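Keep in mind the model is a prediction, meaning the values are calculated, not measured. Below, each value reflects all heavy atoms present in this structure, side chains not excepted, and no hydrogens, waters or symmetry copies.
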Amino acid sequence: MGNCCSDVGGGMAAVTGAASSAATGNQNDAVDMYLKSHGIHGLFSQIELSFSATSLRDRDVFSKSDPVVVVYIKERDGAINEVFRTEVVLNSLTPTWIAKYTITYHFEVVQNLLFKVFDVDTQYHNVEMKMLKLEEQQSLGEACCTLSEIVTKPNRSLTLDLIRREESVSATHSQHCGKLTVHAEECFSSKSTADIILRCIDLESKDLFSKSVCGDGFIFSYFLFVLLSGILVIFWCKFGLVLQDPFLVISKLVESGISIPVCKTEVLKNDHNPIWKPVFLNIQQVGSKDSPLVIECFNFNSNGRHDLIGKVQKSLADLERLHLGREGENLYLPTLVGHNDENKLNFMNLLTLRQILNSKLLVDKFSETVQHTFLDYLAGGFELNFMVAIDFTGTFLFTCSIDAVSINVEGILQYVQFCKSTIGYIYACILILNSGLSASNGNPRLPDSLHYIDQSGRLNAYQKAIYEVGEVLQFYDADKRYPAWGFGARPIDGPVSHCFNLNGSSNYCEVQGIQGIMMAYTSALFNVYLAGPTLFGHVINRASVVACDSLSNGAKKYFVLLIITDGVITDLQETKDALVKASDLPLSILIVGVGGAEFKEMEILDADKGERLESTTGCIASRDIVQFVPFRDVQSKSSTRACLNMLVQFPKFMEKKITCLKIQSALKTKSLLYSNTFRDA
């Protein structure tokens with residue numbers, strides 16, 4: 001049954017069909033490989049792009065241009081791949097094309113698009129579009145953008161200036177080539193989900209001779225079987241003595257005729273009239289409401305050889321009609337009947353007949369719901385705000401300045417004071433020694449440091465993480481002003497700080513753009529001493545204050561805090577407390593681990609196993625707001641763009657949290673209370 005199987009409860013748990021399945025389009029193979037290996041499906045939305053143009057150049061002598069739009073995908077390595085062509089619009093300088101390009105929108109990937117407009121010569125009008133040689137057509141101009149730029153526009157329309165590649169970039173007055181407007185619409189089916197409750201009545205027994213009801217050494221002669229089986233089945237079913245553990249598997253039929261499982265219900269033990277929990281089927285996932293589905297009812301066997309009780313073939317539209325008519329559909333069993341055919345090399349030709357059963361499938365509930373997506377929130381005015389916090393902890397015995405190596409006595413004393421018990425003191429000494437030997441610590445001017453600034457321009461691990469994540473999120477931040485902090489360092493003229501403004505200012509923490517973060521980070525490396533210990537609580541509380549203030553002011557913002565660290569945190573419980581408080585705010589935290597540490601504490605904070613974090617006071621986090629990824633795993637992928645796999649959860653965080661918050665006045669009072677709590681912390 002393929003991907004319908006579940007490891008939970010020995011395969012008896014339901015496997016929902018509501019999650020988006022991988023769709024075709026511009027996918028990031030490294031991201032998909034990482035997500036699939038961890039059982040995670042990314043966030044995909046089908047986007048339909050339509051095109052129109054104005055003021056195109058007239059390249060024809062006796063008529064107007066006959067334009068066509070060709071769409072290309074620009075890959076990270078600079079390669080350009082053609083993916084789509086519109087039809088040709090005859091004699092128009094203001095064309096609106098009918099053909100639309102469908103692309104899979106990935107939140108976590110920067111999807112670069114290139115559009116070229118050509119004037120198709122009259123002699124090629126009868127040539128099939130895919131056979132048209134573009135090098136023989138005249139260029140009317142080209143334009144490029146990212147898919148994110150289109151979908152983040154309020155009306156999802158982006159107008160681009162068409163330019164000519166051969167035109168001089170340094171020209172003061174470039175020739176006017178017209179404008180191309182690209183409009184994006186999310187495919188409606190990608191939002192529609194069918195909520196269905198299914199049940200069966202009078203399921204026929206499959207356990208009389210298939211299970212150990214009568215013992216493992218059970219042997220009947222054929223004669224006794226014929227005489228007694230009917231009597232035993234009636235008697236045992238009447239008094240409920242036969243075990244029946246039914247479950248449903250729902251599969252879609254593809255063009256090749258094979259069925260692909262998309263959903264499995266839970267197993268209901270000892271039930272001849274089961275009513276299963278609701279199943280959720282994304283209509284895009286099954287194709288359409290009229291696409292054929294095979295619903296099979298199995299009797300569960302722990303050995304994995306489940307017995308088919310019966311099946312039906314119905315579409316979602318058929319199931320809706322069964323619900324409205326309060327009717328049931330009889331299950332059937334396929335029966336194979338064969339005969340020898342000498343003309344077919346004596347192979348068995350099989351004919352499939354249907355044995356209609358008394359068992360019936362009924363639909364107790366059928367409703368369609370529209371699930372609002374990340375794009376809906378963007379269209380509604382919400383935006384992401386990016387924040388970053390960088391780990392500046394280093395060796396505790398020695399800290400490196402630009403000119404000399406100085407003994408960091410203050411760092412040692414603070415760390416020992418932090419570890420109040422004898423065991424903690426010993427543990428601190430071990431960490432100090434380990435830290436002193438770690439290649440990730442030490443002088444940022446030495447190549448063996450993760451903070452090393454390469455004069456050739458090659459990015460270090462911290463810079464790569466900032467760039468990779470920030471490059472995606474910058475399209476969703478209107479002003480592109482990012483709060484940036486450092487922690488675990490000692491300024492030249494002050495004590496060790498566990499949350500300081502990266503730009504060196506004592507009044508404000510924001511920098512302009514991703515380049516501003518890069519510059520502030522580089523500058524800070526030469527203006528602070530690497531110290532310790534590694535504490536997350538301060539920066540999380542600081543980010544929570546920003547999120548609280550925004551919420552109390554009614555802003556439609558969701559915040560993403562990127563924490564880049566190279567060490568083991570020493571305030572695990574304090575960090576949990578801060579995360580539990582922050583779980584009720586429009587905030588998610590992305591932790592990127594650089595270096596060779598084990599990062600076990602980070603995996604605890606990233607509650608992917610389903611266990612919510614608990615605070616010191618016993619409060620449970622309302623949701624998981626942490627996503628952790630070791631940067632070494634990212635570097636091992638075929639593309640450095642795999643770093644963005646960690647971003648796929650944020651739209652789901654945002655959708656769930658916005659729904660819960662509802663951005664109403666009653667919650668503003670609560671956010672003020674949280675804000676005061678964080679400031680007190």
Under-4.0 Å salt bridge between Glu329 and Lys314: yes

So, taking the atom named [atom1] in [X] and the one named [atom2] in [Y], what distance separates them when rounded to the nearest 0.5 Å?
X      : Y      : atom1 : atom2 : result
Gln111 : Ile47  : CD    : CD1   : 9.5 Å
Ile150 : Glu185 : CD1   : CD    : 12.0 Å
Glu601 : Thr575 : CD    : OG1   : 9.5 Å
Leu322 : Glu327 : CG    : CD    : 6.5 Å
Arg354 : Tyr332 : CZ    : OH    : 3.5 Å
Lys556 : Leu551 : NZ    : CG    : 13.0 Å

Is [Y] close to [X] at the side-chain level, that is, under 4.5 Å between some pair of heavy atoms?
X      : Y      : value
Leu198 : Ile250 : yes
Gln244 : Lys269 : no
Cys263 : Val249 : no
Leu49  : Leu147 : yes
His323 : Leu319 : no
Met602 : Thr565 : yes
Leu293 : Leu253 : no
Tyr558 : Glu383 : no

Counting distance only, does the side-chain N/O of [X] pair as donor-acceptor with the main-chain N or O of [Y] below 3.5 Å?
X      : Y      : value
Arg623 : Ser583 : yes
His272 : Asp202 : no
Ser550 : Ala547 : no
Asp245 : Asp271 : no
Trp276 : Glu266 : yes
Thr193 : Leu281 : no

Which heavy atom of [X] sits nearest a heavy atom of [Y], and at what distance?
X      : Y      : value
Pro292 : Gln313 : CB-NE2, 3.9 Å
Lys252 : Val286 : CD-CA, 4.1 Å
Gly537 : Ala578 : O-CB, 4.3 Å
Ala543 : Leu561 : CB-CD2, 3.8 Å
Pro334 : Lys311 : CD-CD, 3.9 Å
Pro246 : Asn299 : N-OD1, 4.3 Å

Donor-acceptor pair between [X] and [Y] side chains, under 3.5 angstrom:
X      : Y      : answer
Ser622 : Asp584 : yes
Asn330 : Asn358 : no
Thr616 : Asp577 : yes
Ser148 : Tyr476 : yes
Tyr101 : Ser50  : no

Evaluate whether atom NZ of Lys100 has more than 12 neighbouring non-hydrogen atoms of other residues, nucleotides or ligands under 6.0 angstrom away. yes

Leu605/Ile591 under side chain to side chain contact (heavy atoms under 4.5 Å, CB included): CA gap, chis, key distance, verdict: CA-CA 10 Å; Leu605 300 179; Ile591 302 176; 4.3 Å; yes

Return the orientation label for the Phe247 and Phe298 ring planes: parallel under 30°, perpendicular over 60°, tilted otherwise. parallel

Would Glu320 and Lys289 count as a salt bridge (Lys or Arg N to Asp or Glu O under 4.0 Å) here? Give the steps. CA-CA 9 Å; Glu320 185 176 24; Lys289 285 189 67 174; 2.6 Å; yes

Report the C-alpha distance between Asp318 and Ser315 in whole Å, list the side-chain angles of each, state the deciding distance to 0.1 Å, and finish with yes or no for side-chain hydrogen bond (donor to acceptor under 3.5 Å, both in side chains). CA-CA 5 Å; Asp318 293 333; Ser315 66; 3.1 Å; yes

Full working for side-chain hydrogen bond (donor to acceptor under 3.5 Å, both in side chains) between Ser588 and Gln627: CA-CA 8 Å; Ser588 290; Gln627 177 72 16; over 6 Å; no

Might you work through the side chain to side chain contact (heavy atoms under 4.5 Å, CB included) test for Leu613 and Ile625, ending with a clear yes or no? CA-CA 10 Å; Leu613 296 179; Ile625 67 171; over 6 Å; no

Hey, mind stepping through Asp307 and Asn301 against side chain to side chain contact (heavy atoms under 4.5 Å, CB included) and telling me if it holds? CA-CA 7 Å; Asp307 302 311; Asn301 280 315; 2.9 Å; yes

Kindly determine whether Ile563 and Phe536 satisfy side chain to side chain contact (heavy atoms under 4.5 Å, CB included), including the steps that lead there. CA-CA 9 Å; Ile563 299 178; Phe536 279 6; 3.8 Å; yes

Give every donor-acceptor pair under 3.5 Å between a side-chain atom in residues 360-367 and any protein atom, sequence neighbours left out.
| residue | atom | partner | partner atom | Å |
| --- | --- | --- | --- | --- |
| Asp364 | OD1 | Arg199 | NE | 2.6 |
| Asp364 | OD2 | Arg199 | NE | 3.0 |
| Lys365 | NZ | Asp195 | OD2 | 2.9 |

